[in-house]
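Proteins get letters first, then strands, A, B, ... in listed order; numbering begins at 1 in each. On a predicted model such as this, the values are computed, not experimentally measured, just so you know.
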Amino acid sequence: DTGVSQNPRHKITKRGQNVTFRCDPISEHNRLYWYRQTLGQGPEFLTYFQNEAQLEKSRLLSDRFSAERPKGSFSTLEIQRTEQGDSAMYLCALATSEAFFGQGTRLTVV
Amino acid sequence: QKEVEQNSGPLSVPEGAIASLNCTYSDRGSQSFFWYRQYSGKSPELIMFIYSNGDKEDGRFTAQLNKASQYVSLLIRDSQPSDSATYLCAVFQASTLGRLYFGRGTQLTVWP
């Protein structure tokens, strides 16, 4: 148990549909990160929250992607008009002295 | 230019042998270094981290850091089939708001 719960674990969607993922820290953490991992690659940074403020966004995060962290607790990542290239595992991580990842959400766009 | 490079593997060792995994990084400002293990279809699991030059041991695992050479390694002693996984090296830079930069990972297979 890394203290981070992600839902859903798996999502299959048709191209062009919108999807939303959720990350729930079990306890309070100021810093929350989203990463994306495609097959054969390491995780790549998408965005970072300090409490409810989104402080940094990667160039990977196109305008079809939006992330929120209302009240500085759980976070959501939405992808609009999904494309096949969005197929990946989406990982939420909390930063303490080291980063702990949630179980991830595996997205498959067909 | 990639920030973190790992030997591509795959690496295959017999049970009981020492597995050696290597990683180099480009930014001398990097401060902390992490090794994650990732089983197929699962999320990365932190094994250990190191931030001072030298060796750090935790059970069968030893991390080695040489900042002058910008090199970090992970040794797994008495390798077990359950160690078969992809090992990810990650680098932390405080100047980039704490995000981690990952290598592509090295796939390790330990055969009985």
Side-chain angles (χ1 to χ4, degrees), chain A residues 1-11 21 23-24 29-51 53-61 67 69 87-108, chain B residues 2-10 21-27 30-52 56 58 61 63 65 72 74 85-108:
Chain A
D1 181 8
T2 61
V4 188
S5 177
Q6 289 189 247
N7 288 288
R9 297 290 301 277
H10 303 276
K11 178 71 176 179
F21 312 138
C23 171
D24 280 275
H29 278 85
N30 292 337
R31 293 183 288 167
L32 185 149
Y33 300 80
W34 284 96
Y35 290 82
R36 180 176 72 181
Q37 186 178 25
T38 54
L39 198 62
Q41 303 293 322
E44 296 173 289
F45 171 79
L46 290 179
T47 191
Y48 160 61
F49 288 88
Q50 175 81 25
N51 298 315
Q54 187 175 20
L55 296 186
E56 188 177 4
K57 293 194 293 185
S58 163
R59 286 172 295 179
L60 292 175
L61 217 65
R69 195 184 183 198
S87 296
M89 178 175 284
Y90 290 82
L91 295 160
C92 175
L94 304 178
T96 53
S97 56
E98 56 268 5
F100 292 98
F101 286 91
Q103 313 96 315
T105 295
R106 169 76 64 186
L107 172 67
T108 302
Chain B
K2 288 183 78 69
E3 304 253 2
V4 182
E5 296 277 358
Q6 294 186 245
N7 49 335
S8 56
L21 303 159
N22 305 316
C23 174
T24 58
Y25 58 94
S26 60
D27 191 333
S30 301
Q31 295 165 287
S32 303
F33 308 86
F34 300 82
W35 283 101
Y36 287 84
R37 176 175 62 198
Q38 187 172 29
Y39 294 113
S40 180
K42 304 294 186 182
S43 65
E45 171 192 8
L46 181 67
I47 299 174
M48 62 191 306
F49 65 92
I50 186 169
Y51 51 84
S52 298
K56 179 180 179 182
D58 184 359
F61 299 95
L65 175 60
V72 59
L74 180 71
T86 295
Y87 289 80
L88 296 162
C89 172
V91 171
F92 169 85
Q93 300 166 346
S95 61
T96 54
L97 298 177
R99 68 157 115 163
L100 295 177
Y101 293 87
F102 284 85
R104 294 181 62 178
T106 299
Q107 185 177 344
L108 171 67

Once you round to the nearest 0.5 Å, how far does CZ of B/R99 lie from OH of A/Y33?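 Answer rounded to 0.5 Å: 9.5 Å.
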Going from OG on B/S43 to CZ on A/R106, what distance comes out if it is rounded to the nearest 0.5 angstrom?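 That separation rounds to 10.5 Å.
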Does any heavy atom of chain A fall under 4.5 Å from the side chain of B/Q38, the backbone, both, or neither of them?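 Just its side chain gets close to chain A.
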Considering residues at least two apart in sequence or located in another chain, which fulfil the ring-ring contact (aromatic ring centres under 6.0 Å, His included) criterion with A/F45?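 Partners of A/F45 under the ring-ring contact (aromatic ring centres under 6.0 Å, His included) test: none.
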Count the heavy atoms of every other residue, nucleotide or ligand shown that sit under 6.0 Å from NZ of A/K57, and state whether that count exceeds 12.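 No, because the 6.0 Å sphere around NZ of A/K57 holds 12 heavy atoms or fewer from other groups.
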Counting heavy-atom pairs under 4.5 Å to chain B, which of A/G42, A/G104, A/P43, A/G40 comes out on top?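 Highest number of pairs under 4.5 Å: A/P43.
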Any chance you could measure B/F102, atom CZ, to A/Q41, atom CD, to the nearest 0.5 Å?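 It comes to 13.0 Å.
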Calculate, to the nearest 0.5 Å, the distance between atoms CD and CD belonging to A/Q103 and B/E45 respectively.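 If we round to the nearest 0.5 Å, A/Q103:CD and B/E45:CD are 12.5 Å apart.
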Report the residues that fulfil ring-ring contact (aromatic ring centres under 6.0 Å, His included) with A/F21, sequence neighbours left out, ordered by chain and then residue number.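 In terms of ring-ring contact (aromatic ring centres under 6.0 Å, His included), with neighbours along the sequence ignored, A/F21 is linked to A/Y90.
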Taking side chain as everything from C-beta outward and backbone as N, CA, C, O, which of these in A/Q50 sits under 4.5 Å from a heavy atom of chain B? Side chain, backbone, both or neither.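 Neither; nothing under 4.5 Å.
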Give a yes or no on whether B/F61 atom CZ has more than 12 heavy-atom contacts from other residues, nucleotides or ligands under 6.0 Å away.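 Correct, the count exceeds 12.
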Exercise: identify the closest heavy-atom pair between B/L100 and A/Y35: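 Smallest heavy-atom distance, with atoms named: N-OH, 2.8 Å.
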